[in-house]
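Every number for a ligand or one of its atoms is a count from 1 in the order of the listing.
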Amino acid sequence: MPRLFIAIDLPEVVRQDLCRLNVPIPGSRWVPADQLHLTLAFLGDVGEERVAGLARALDQVSAAPFRLRFDRLGCFPSRARPRVLWVGLKPEPLLLSLADRLREFLRDCCIPQEERPFSPHITLARLKLPAARECASFLDRPLALERTSVSAQEFILFESLLTAAGAIHTPLKRFPLSGGSGGPPA
Ligand code: 2AM
């Protein structure tokens, strides 16, 4: 069954900037530049026969374009036990509302969604070993991206194929952000 997620892609130049944040931390796996993205919603495994219908129905989620602005470095679940290192995005209302509407739409399609509020972030690294001290020095450095802003012009339905060499992300369909700021389809 295809494993799907919906994300915003980043320009190559920004992905390269984010990759320059990489530092050697024991047990860390840094996301390769070509896979850095902002996840809006995670669908998980979806029956092959549902994919085309879902991709068509997602056209109903129209939204206006907006800008992404970087905020700060952070980690999940806590600084004492970091497992995921990320760079956060400022809580732009159009971004938050797009993620909320996509999640609502997926719930209506019986695709369970996390109840936790959306926390916009780009995962930079995943950690397999405890490395709180090394992560603290990574997290405490000043972020040189605070003035970088990215124009979000589309969201993308991706398939994620998990392989021994890491995940392979393939865009299945692109959805331009050209509509209104929300609400039901006309
Ligand atoms: P994140 O790491 O940016 O939070 C593709 O696998 C994307 O889907 C990942 O980048 C991850 O986003 C998100 N994802 C993967 N597994 C997930 C899960 N079990 N629950 C929620 N999101 C998940």
Side-chain angles (χ1 to χ4, degrees), residues 1-12 14-19 21-23 25 27-48 50-51 54-55 58 61 66 68-79 81-92 95-96 98-129 131 135 138-139 143 145 148 150 152 154-175:
M1 278 203 280
R3 185 175 187 267
L4 306 181
F5 67 101
I6 297 171
I8 291 177
D9 211 355
L10 302 166
E12 175 66 21
V14 172
R15 287 196 254 128
Q16 294 301 337
D17 284 349
L18 292 176
C19 270
L21 298 171
N22 297 10
V23 288
I25 295 178
S28 63
R29 187 139 86 163
W30 293 80
V31 178
D34 63 348
Q35 283 187 19
L36 289 164
H37 61 268
L38 166 61
T39 302
L40 297 174
F42 180 69
L43 288 74
D45 293 333
V46 171
E48 186 79 56
R50 292 193 69 191
V51 177
L54 259 175
L58 273 167
V61 184
F66 50 84
L68 298 175
R69 286 191 182 78
F70 292 94
D71 191 5
R72 65 187 179 93
L73 296 171
C75 66
F76 292 143
S78 68
R79 283 178 71 108
R81 276 189 315 120
R83 300 304 302 243
V84 174
L85 301 179
W86 45 258
V87 57
L89 284 310
K90 296 216 188 279
E92 154 64 50
L95 165 63
L96 303 186
L98 174 61
D100 282 351
R101 284 189 303 117
L102 284 168
R103 288 161 184 230
E104 202 53 54
F105 171 86
L106 293 168
R107 277 188 205 104
D108 289 347
C109 297
C110 300
I111 297 177
Q113 294 297 295
E114 279 188 4
E115 292 305 329
R116 275 183 297 196
F118 173 61
S119 157
H121 67 275
I122 295 163
T123 294
L124 300 175
R126 295 183 174 86
L127 302 168
K128 288 213 190 90
L129 301 172
C135 287
F138 169 79
L139 294 169
L143 184 62
L145 295 164
T148 307
V150 172
E154 61 178 11
F155 65 85
I156 304 173
L157 176 65
F158 279 100
E159 175 169 1
S160 166
L161 188 65
L162 301 178
T163 75
I168 300 172
H169 296 162
T170 308
L172 299 183
K173 185 168 172 185
R174 295 170 184 274
F175 300 85

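Proximity of a side-chain donor or acceptor of T163 to a complementary backbone N or O of A165 within less than 3.5 Å is detected. Side chain of E104 to backbone of A99: no donor-acceptor contact under 3.5 angstrom is found.
The protein atom (non-hydrogen) at minimum distance from atom 13 (C) of ligand 1 is F42 CD1, 3.8 Å. Remark: minimum distance from atom 6 (O) of ligand 1 to any protein heavy atom is reached at R3 NH1, 3.3 Å. Among protein heavy atoms, the minimum distance from atom 12 (O) of ligand 1 is reached at T39 OG1, 3.0 Å. Protein heavy atom closest to atom 4 (O) of ligand 1, with residue, atom name and distance, is H121 NE2, 2.8 Å.
Of all atoms in ligand 1, listed by their number and element, those nearer than 4.0 Å to a heavy atom of T123 are 1 (P), 2 (O), 3 (O), 4 (O). Atoms of ligand 1 lying under 4.0 Å from at least one heavy atom of H37, given by number and element, are 7 (C), 9 (C), 10 (O).
Of the polar atoms of R126, at least one N or O is found under 3.5 Å from an N or O of ligand 1, judged by distance alone.
Within the 4.5 Å cutoff, no side-chain heavy atoms of E92 are placed close to those of L68.
Heavy-atom minimum distance, S160 versus A167: OG-CB, 4.0 Å.
In this structure, the separation between CG on L127 and CZ on F76 is 13.0 Å, given to the nearest 0.5 Å.
Aromatic ring pairs are classed by plane angle as parallel below 30°, tilted from 30° to 60° and perpendicular above 60°; the pair H121 and W86 is tilted.
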